[in-house]
Amino acid sequence: MGQDKLLRKDIIMKSTLYRKSISILKYLGLLVATILLFLGLNFWSNQLDDLHIQDVKIYNTFFAMENGKPTFYLYGKLKPTFASYSGGAFTQYNNSNGSIYGYNINKNNVNIDGQQTHSPFGSKEVVFRIKSDPKHGLTLINQNIYLTDQQHHKIKLYDAHTRTQTYSLEQKDTQKFIKQNKLN
């Protein structure tokens, strides 16, 4: 009889320990799965993607003088929930596949390309800043400026012929800027 009580206690302790161990393993597994899921979503959301024209609401463009050179600014906001902007001040690139953000220039046009991420937590503000660089063919004032994407959609931001900016808060600013800074 005494042995039965000890055996029963031993069985109960082992089964309780077994159940607690299984519970702990389940919670650890759930925790590991949650961490892996979070890391995977974070990795996916921070992948750079082409900035699509339809995703951007432009609310202002303007020229300013910086270090004696005209600089073009664009301000906008991303519309999709699962998108955030990645970019800033640009330098020229000549990469045919557009794998980095920047701008391409030819004699008459400047095409701005940008990239976005899929993160809902990133900044929705889009800011492009391009400095004039006549030595490399970037005069800005004498070139049309477009926001483009890899699907070959484009929005004209500045018309060099009429010297107007479609998205400028005040159209007179461009003419005034050109006159004040004696630019042609």
Side-chain angles (χ1 to χ4, degrees), residues 45-184:
S45 70
N46 287 314
Q47 293 296 306
L48 290 175
D49 187 18
D50 184 41
L51 185 67
H52 304 286
I53 296 298
Q54 68 271 13
D55 292 348
V56 182
K57 181 180 188 292
I58 300 167
Y59 56 82
N60 195 15
T61 61
F62 62 90
F63 285 100
M65 286 300 274
E66 288 186 9
N67 299 325
K69 294 181 180 179
T71 302
F72 180 77
Y73 285 88
L74 175 147
Y75 288 92
K77 197 167 199 96
L78 285 177
K79 292 185 268 185
T81 303
F82 288 97
S84 59
Y85 173 66
S86 173
F90 290 117
T91 56
Q92 180 184 3
Y93 74 86
N94 291 310
N95 193 342
S96 62
N97 66 8
S99 62
I100 58 172
Y101 52 83
Y103 59 88
N104 280 316
I105 56 174
N106 62 39
K107 185 178 177 188
N108 298 314
N109 300 317
V110 178
N111 296 313
I112 302 170
D113 298 306
Q115 292 189 332
Q116 65 187 22
T117 62
H118 302 287
S119 173
F121 309 112
S123 174
K124 300 281 185 215
E125 295 297 315
V126 176
V127 180
F128 293 101
R129 180 178 135 239
I130 300 175
K131 287 186 178 185
S132 179
D133 185 4
K135 184 173 140 184
H136 293 99
L138 183 62
T139 59
L140 292 178
I141 297 295
N142 299 319
Q143 294 167 307
N144 297 317
I145 302 175
Y146 296 92
L147 180 62
T148 64
D149 63 21
Q150 289 185 354
Q151 286 76 35
H152 306 292
H153 301 117
K154 58 168 69 174
I155 298 173
K156 193 173 212 176
L157 304 171
Y158 171 72
D159 187 314
H161 179 69
T162 61
R163 304 232 165 153
T164 57
Q165 298 177 60
T166 311
Y167 296 94
S168 179
L169 291 179
E170 287 190 40
Q171 284 299 319
K172 294 177 186 174
D173 282 351
T174 306
Q175 299 297 336
K176 186 178 175 183
F177 174 80
I178 291 168
K179 284 180 185 175
Q180 281 179 341
N181 294 291
K182 299 176 180 125
L183 302 169
N184 292 331

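When a residue number appears, it is its place in the shown sequence, counting from 1. These numbers come from a predicted model, not from an experiment.
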As an exercise, state the distance from OH of Y75 to CG of N60, rounded to the nearest 0.5 Å.
8.5 Å
Spacing of N111 atom CG and Q143 atom CD [to the nearest 0.5 Å]:
10.0 Å
What's the shortest heavy-atom distance between P70 and M65, and which atoms?
N-SD, 3.6 Å
Rounded to the nearest 0.5 Å, how far apart are OG1 of T71 and CG of D133?
10.5 Å
Going from CZ on R163 to CG on N142, what distance comes out if it is rounded to the nearest 0.5 angstrom?
5.5 Å
Among pairs that include at least one residue of residues 137-157, which meet ring-ring contact (aromatic ring centres under 6.0 Å, His included), considering only residues two or more places apart or in two chains?
none
Residues two or more places apart in sequence or in another chain: which of them pass side chain to side chain donor-acceptor pair (under 3.5 Å) with S132?
none
Please list all pairs passing the salt bridge (charged side-chain N to carboxylate O under 4.0 Å, His left out) test where one or both residues lie in residues 59-72, with sequence neighbours left out.
E66-R129, E66-K131
Does Q54 have any side chain to side chain contact (heavy atoms under 4.5 Å, CB included) partners at least two apart in sequence or in another chain, and if so, which?
H52, D149
What verdict does the side chain to side chain contact (heavy atoms under 4.5 Å, CB included) test give for L147 and I53, after you've listed the backbone C-alpha separation in whole Å, the side-chain angles of each residue and the deciding distance to 0.1 Å?
CA-CA 7 Å; L147 180 62; I53 296 298; 3.8 Å; yes
Which atom names give the shortest non-hydrogen contact between I141 and A160, and what distance separates them?
O-CB, 3.7 Å
What are the two closest heavy atoms between L157 and T61, and how far apart are they?
O-OG1, 4.2 Å
Euclidean distance, L140 CG relative to I130 CD1, rounded to 0.5 Å
7.0 Å
Y59: which residues meet the ring pair (Phe, Tyr, Trp, His ring centres under 6.0 Å) condition with it, sequence neighbours left out?
none
Supply the atom-to-atom distance L74 CG to F128 CZ, rounded to the nearest 0.5 angstrom.
6.0 Å
Under the rule for ring pair (Phe, Tyr, Trp, His ring centres under 6.0 Å), what residues qualify as partners of F63, not counting sequence neighbours?
F72, Y158, F177
By side chain to side chain donor-acceptor pair (under 3.5 Å) - contacts of D55 (at least two apart)
Q116
By salt bridge (charged side-chain N to carboxylate O under 4.0 Å, His left out), K77 pairs with (sequence neighbours left out) E125
For N106, enumerate each residue passing the side chain to side chain contact (heavy atoms under 4.5 Å, CB included) test, keeping only those at least two apart in sequence or located in another chain.
N108, N109
Taking side chain as C-beta onward, heavy atoms only, is V56 less than 4.5 Å from K79?
no
Going by the rule salt bridge (charged side-chain N to carboxylate O under 4.0 Å, His left out), which residues pair with K156 if we only count those two or more places apart in sequence or in a different chain?
D159
Is it the case that the side chains of D113 and T148 hold a donor-acceptor pair, with the cut-off being a distance below 3.5 Å and no angle test?
yes
